[in-house]
Amino acid sequence: MVRDLSRLLCPASIAVVGGGDWCRQVVLQSRKMGFAGALYRVHPACDVVEGVQSVACIADLPHPPDAVFLGINRHASVAAVGQLAAMGAGGVVCFASGFAEAFSEDSQSVDLQQELVRAAGDMPVLGPNCYGFVNAVDGALLWPDQHGCARVARGVAILTQSSNIAINLTMQKRGLPVAFVVTCGNMAQTAQAEIAMALLDDPRVTAIGLHVEGFGDVALWHRLARKAHARGVPLVVLKVGRSDHAQRATISHTASLAGSDAGAAAFLARCGVPRVHDLAGFLETLMLLHCTGALPSAALSSISCSGGEASLVADVAVAQDVFFPALTPDQKSALAAALGPMVALSNPLDYHTYIWNDLPRMVAAWLPMAAEHIGLVLILLDYPHTDATAWENATRAAIAVRRQSGRSVAVVATLPELLPETVAQELLAQGVAPLHGLTEALVAAGAAARVAAPAEQPPLAIGAEGHPVVVSEAEAKRRFAQHGVCVPRGVAARRGELERAAVGLTGPFALKALGVAHKSEANALRLHLDGHDLEAAAAGMAGQAFLVEEMVRGAVAELLVGVTRDPAHGYVLTVGAGGLLTELWQDSASVLVPAGRDEVDAALRRLRVYPLLTGYRGAPGADISALLDAIMAVQDYVVADRDALYEVEINPLMCTPQAAFAADALVARLQEPPNAGEPDGPDQDT
């Protein structure tokens, strides 16, 4: 259920229930921001605070308020929420703590939170344990503390679970217009994604930034991403908090490669939502998205009057998802005409100081860098705090380039403090993005270029929880083969029967002890054997059941393909360097199931081992089509067995110029039906 939050977030009337300085601040802050609606107070003292006369109880309010700030204790809050819901209030901010966020030996706090939700019914509740929100476009603040917001006509929205982080973000002095700040608290009833979806309905919101601790309902977040894309309002996420569920899994290499955060990264990529990793990059990305929207390309131009700065911007960009394309012949011709023969022409461009402070010549020299194939033009300008007005012509030139080219333009200060807020506001008013800090600017550019259309399908929901059981390798390969994965010819046999069982197979052989996950580490694997070597090789291994297989020859690369069960995000498909390189290189990329063939292909191309697959230094390459067929077949099996699947892994997947073979396979399932597809022979694990 998605509730209607319009009355709560954009109220025509506000009621404050409770006394003390917190509640006084709510009235004061709305007064200071020029809230034009009705303000009410509820307190048994019937006193006057900030010119607002209180009524004794909720029932005495003249009409159901649109938004209510509850500044009373947790038990009284539950009762008040019930009263407000019954009278038809638009929504509540529950400030009180001591609910599910509290640690208690009994379940009283959790039970109380559940009582709060039941009392609310369909009426929206933010929190509990929540500061509320600032609506700076309407001047409506259900906010019990200081803040740094000012009235704006339009701007970005920021949502966070942390009230302290929210306060700090409002105090930014970068010129970023903040339309809404919402703290989500415990999210007992109303989820962060639900609040963001409501804000998408407000045309005054230009972009939404989300500080996320955990996603919860990924289907709801996927709906948010699709709605945001349809509305043309870009999202950016600062994701924090790392679970350790993947580190607890020790069955496969995939679990350690995927890590605790791979699911979150893959989920955001699936939603087409860029992710940043710190508050400064978060704010600068919001600034850029507010000013330019999503960028059409990660191709950048850089303009500076210093060779040192040109080199620095190129170096900093190496760690970001951006690049500086070489100048085209047309650009070189136009630049040569504007700058003369003394300037070396390149991108990033050092235009020297010959044209400095000559407005027409600066515009003429900068315009060629705003070519049609460029996603964002960066103009590096560090304003001296001694006299920023001396850079006025540079500001005017940047604005002229934006106006005359129609391209996205940003003025970048290499240090955040070297771009005054007054200049930032002037640039913003003219459609030029003021970006504070060189690294932060490139983070923002990369993020804005990663805004994309979300996948049509949400992530695959995981099945029930339970204890994983590993099936035999022979059975794992049988399952994979049923869905189209190529497996080597082989046979399962017991000790003493190996040579006879191998008749009809073509050596050399691989011999494996069944029932062992990490065979190399457990001394459970022998390679390059002929039929007469099998029994002797088995004598050095534990167990009685073995798998004899024809060895795959002619492999140009070995890959890992695995799928792990991520309770927070669904099933995570990981591809990476396989065999001996798995742990040595830690070279992997992850996507969520179900993933499209193009998405899997893009993940492969991000691997460091990918050049081996395409034929490195004249060596033969792998059959990429067959490789993709194998990975998609693994995914088909995962989808078919999702209700009971825990994880799967093929390592290595032997990639030859003609095919891709699963040389080793692992399947762990949570519920293995008795005798369901399991042979009675020796390949059955015990």
Side-chain angles (χ1 to χ4, degrees), residues 9-10 29-30 32-36 132-143 146-160 165-183 195-196 198-211 228 231-238 274 276 279-295 376 383 395 398-399 402 408-413 416-417 419-437 440-441 443-445 447-448 451:
L9 295 175
C10 300
Q29 298 299 345
S30 286
K32 289 172 67 175
M33 288 282 275
F35 177 60
F133 65 87
V134 174
N135 172 345
V137 286
D138 298 311
L141 286 79
L142 275 72
W143 191 262
Q146 298 182 62
H147 65 88
C149 293
R151 289 293 292 266
V152 295
R154 57 194 292 273
V156 304
I158 297 174
L159 285 73
T160 173
I165 286 178
I167 293 173
N168 293 340
L169 289 174
T170 71
M171 298 295 178
Q172 59 84 27
K173 297 185 70 65
R174 300 167 182 240
L176 176 66
V178 178
F180 288 88
V181 175
V182 185
T183 61
I195 300 167
L199 290 171
L200 285 173
D201 293 329
D202 193 321
R204 301 168 296 182
V205 173
T206 57
I208 299 178
L210 300 127
H211 167 252
R231 296 288 174 89
V233 179
L235 310 176
V236 60
V237 164
L238 171 58
V276 295
L279 291 174
F282 184 64
L283 284 174
E284 295 311 303
T285 302
L286 283 171
M287 179 78 82
L288 187 58
L289 292 175
H290 165 77
C291 194
T292 70
L295 295 179
L376 179 66
Y383 290 79
T395 302
I399 293 169
R402 169 73 180 97
S408 294
V409 175
V411 166
V412 179
E417 60 268 28
L419 182 50
E421 187 173 12
T422 54
V423 175
Q425 291 169 342
E426 180 184 359
L427 291 167
L428 268 177
Q430 299 298 323
V432 176
L435 298 179
H436 301 72
E440 292 86 345
V443 166
V451 175

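Annotation: side-chain contact (heavy atoms from CB on, under 4.5 Å) contacts of Pro420 (sequence neighbours excluded): Tyr383, Ala388, Thr422, Val423. Qualifying salt bridge (charged side-chain N to carboxylate O under 4.0 Å, His left out) partners for Arg174, counting only residues two or more places apart in sequence or in other chains: Glu284. Checked against side-chain contact (heavy atoms from CB on, under 4.5 Å), Lys32 has the following partners two or more places apart in sequence or in another chain: Leu28, Gln29. For Ala424, the side-chain contact (heavy atoms from CB on, under 4.5 Å) partners two or more places apart in sequence, or in a different chain, are Pro434, His436. Residues passing the side-chain contact (heavy atoms from CB on, under 4.5 Å) test with Thr292, sequence neighbours excluded: Leu288, Leu295, Ser408. Looking at residues two or more places apart in sequence or on another chain, you find a salt bridge (charged side-chain N to carboxylate O under 4.0 Å, His left out) between Arg231 and Asp201. Under the rule for a salt bridge (charged side-chain N to carboxylate O under 4.0 Å, His left out), the partners of Glu421 that lie at least two apart in sequence or sit in another chain are Lys173.
We find the CG-CD distance between Leu176 and Gln425 to be 10.5 Å, quoted to the nearest 0.5 Å. For the atom pair CG (Leu283) and CD1 (Ile158), the distance works out to 6.0 Å, reported to the nearest 0.5 Å. Here Leu435 contributes atom CG and Met287 contributes atom CE; the two are 7.0 Å apart, rounded to the nearest 0.5 Å. Atoms CZ and SG, on Phe180 and Cys10 in that order, are 4.0 Å from each other to the nearest 0.5 Å. In this structure, the separation between CG on Leu427 and OG1 on Thr395 is 5.5 Å, given to the nearest 0.5 Å. Annotation: the span from Leu169 atom CG to Leu286 atom CG amounts to 9.0 Å, rounded to 0.5 Å.
Taking all atoms of both residues into account, the shortest heavy-atom contact from Leu428 to Gly175 is CD1-O, 3.0 Å. Nearest heavy atom pair, residue Leu238 against residue Phe282, reads CB-CD1, 3.8 Å. Contact between Thr160 and Ala166 at its shortest, heavy atoms only, is CG2-CB, 3.5 Å. What you find for Cys149 and Ala136 is that their closest heavy atoms are CB-CB, 4.5 Å. Residue Pro234 comes nearest to Gly232 through the heavy atom pair CD-O, 3.5 Å, listed as atom of the first residue, atom of the second, then distance. Taking both residues in full, the closest heavy atoms of Leu235 and Pro274 are given as O-CD, 3.2 Å, listed atom of the first, atom of the second, then distance.
At least one donor-acceptor pair under 3.5 Å links the side chain of Thr206 to the backbone N or O of Gly155. With hydrogens and angles disregarded, no donor-acceptor distance shorter than 3.5 Å links the side chain of Arg402 to the backbone of Val432.
Screening residues 426-436 for salt bridge (charged side-chain N to carboxylate O under 4.0 Å, His left out) gives no qualifying pairs among residues at least two apart or on separate chains. A salt bridge (charged side-chain N to carboxylate O under 4.0 Å, His left out) check over residues 133-143, counting only residues at least two apart or in different chains, returns the pairs Asp138-Arg204.
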### Query
Could you walk me through whether Phe133 and Leu9 pass the side chain to side chain contact (heavy atoms under 4.5 Å, CB included) check?
CA-CA 8 Å; Phe133 65 87; Leu9 295 175; 4.2 Å; yes

### Message
As a quick check of understanding, evaluate side chain to side chain contact (heavy atoms under 4.5 Å, CB included) for Trp143 and Ile167, giving each step before the final call.
### Response
CA-CA 10 Å; Trp143 191 262; Ile167 293 173; 3.6 Å; yes

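Only one option out of Val237, Leu159, Ile195 pairs with Ile208 in a side chain to side chain contact (heavy atoms under 4.5 Å, CB included); it is Leu159.
A heavy-atom distance below 4.5 Å is found between the side chains of Val451 and Leu289.
Between the side chains of Thr170 and His147, no donor-acceptor pair is found at a separation under 3.5 Å.
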